[in-house]
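A quick write-up on the structure given underneath.
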Amino acid sequence: MLPRDHYAVITALASLHHVPFETVTKLRDALAPGGTLLILGCAPDRTALDHAYGLVSIPLNAAARLACWAHDRATGRRPPPRPPVKTPTMPLSAIRRRAAELLPGARVRRRLFWRHTLVYRRPSEPGPGSAA
C-alpha cells in the first residue's frame with residue numbers, strides 16, 4: 001500500500017498493461033498535491049493511425065536493435081535476460097477515455113515504438129481528480 005499524499009513524482013515504465021488500469025487511482029492518491037504521475041505505456045495497434053506509427057517504428061526499432069547488438073558484440077557485453085512480456089490489450093482510445101475519468105486533466109500522447117505517454121499533475125488545491 002502506498003502512503004497517501006506523499007510522492008512528488010511517480011513513474012511507471014511499460015508496466016501498467018500488466019495490471020488493471022484502475023491501478024492509476026492508487027498512484028494518483030499517493031501523489032502529494034502538485035505531484036506528477038508519468039507513465040510510458042504500451043497499447044495495441046487498432047486504428048489506421050496506430051498502424052501508420054507502427055510502420056514507421058518497424059525500421060527504427062530494427063535499427064536500434066542492430067545498434068545494440070553491434071555494441072554488445074564489439075564490447076563483449078552479454079545482453080541481460082529479457083523480462084517476461086505481456087501483450088497490451090487496452091487500445092489508446094480506451095486509455096484516453098479511462099484517464100479522463102480517473103485522472104482529470106491528464107495528457108495522453110501517442111509515441112513511436114508502440115508506446116504512449118500519460119502525464120497527470122495532481123491539483124495543488126482539492127478539486128476534481130484529487131484524493132481529498
Side-chain angles (χ1 to χ4, degrees):
M1 179 90 143
L2 296 171
R4 291 181 68 86
D5 307 324
H6 184 75
Y7 298 98
V9 176
I10 297 174
T11 63
L13 176 61
S15 57
L16 288 184
H17 66 282
H18 293 271
V19 296
F21 188 81
E22 290 69 23
T23 301
V24 300
T25 60
K26 293 177 182 178
L27 302 177
R28 177 200 66 205
D29 294 346
L31 288 172
T36 302
L37 174 61
L38 304 166
I39 296 171
L40 176 65
C42 306
D45 288 347
R46 295 283 167 82
T47 68
L49 187 57
D50 293 340
H51 289 290
Y53 269 79
L55 284 174
V56 171
S57 295
I58 289 170
L60 296 173
N61 190 52
R65 285 180 177 257
L66 181 60
C68 289
W69 174 84
H71 178 269
D72 290 347
R73 184 148 175 124
T75 61
R77 180 181 172 271
R78 296 184 65 157
R82 294 191 69 145
V85 176
K86 178 183 178 195
T87 302
T89 58
M90 190 174 190
L92 194 57
S93 59
I95 291 167
R96 284 188 169 122
R97 186 172 51 257
R98 294 298 288 147
E101 294 168 8
L102 302 174
L103 306 167
R107 288 184 316 170
V108 179
R109 293 192 175 162
R110 179 189 324 273
R111 303 296 181 184
L112 289 176
F113 299 107
W114 307 277
R115 302 284 193 261
H116 65 274
T117 53
L118 185 155
V119 178
Y120 169 74
R121 178 173 220 89
R122 182 174 167 192
S124 296
E125 300 295 321
S130 69

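All of these numbers come straight from a predicted model, not from anything done at the bench. Index from 1, following the sequence.
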What is the minimum heavy-atom distance between A8 and L31, and which atoms define it? O-CD2, 4.3 Å
Check F21 against L118 and note the closest heavy-atom contact, atom names and distance. CZ-CD1, 4.2 Å
Note, V24 side chain near Y120 side chain (heavy atom, < 4.5 Å): no
Do R110 and R96 have side chains that approach each other closer than 4.5 Å (heavy atoms only, starting at C-beta)? yes
Under the side chain to side chain donor-acceptor pair (under 3.5 Å) definition, can you give me all pairs with a residue in residues 98-109, not counting sequence neighbours? E22-R98, R98-E101
Inter-residue atom distance [X].[atom1] - [Y].[atom2], 0.5 Å rounding:
X   : Y   : atom1 : atom2 : answer
I10 : D29 : CD1   : CG    : 9.5 Å
Y7  : L27 : OH    : CG    : 10.0 Å
R46 : T89 : CZ    : OG1   : 7.0 Å
L37 : L16 : CG    : CG    : 7.5 Å

Not counting sequence neighbours, list each pair that qualifies as a salt bridge (Lys or Arg N to Asp or Glu O under 4.0 Å) and has a residue in residues 33-43. none
Contacts satisfying salt bridge (Lys or Arg N to Asp or Glu O under 4.0 Å) that involve residues 71-84 (not counting sequence neighbours) are D72-R77
Could you list the residues that satisfy side chain to side chain donor-acceptor pair (under 3.5 Å) with [X], not counting sequence neighbours?
X    : value
T23  : none
T36  : R121
R115 : none
T47  : D50

side-chain contact (heavy atoms from CB on, under 4.5 Å) partners of [X], counting only residues at least two apart:
X   : answer
H17 : C42, K86, P88
A32 : none
T25 : R28, L102
S93 : P91

Just distance, no hydrogens or angles: give the donor-acceptor pairs under 3.5 Å from side chains in residues 57-71, sequence neighbours left out.
residue: S57; atom: OG; partner: Y53; partner atom: O; Å: 2.9
residue: S57; atom: OG; partner: F113; partner atom: N; Å: 2.7

Chi angles and distances behind the side chain to side chain contact (heavy atoms under 4.5 Å, CB included) call for R122, D5: CA-CA 10 Å; R122 182 174 167 192; D5 307 324; 2.6 Å; yes
Among the clusters formed by ILVMFWY side chains lying less than 4.5 Å apart, do [X] and [Y] turn up in the same one?
X    : Y    : value
V56  : L92  : no
W114 : L49  : yes
V108 : L38  : no
L40  : L112 : no
V119 : I39  : no

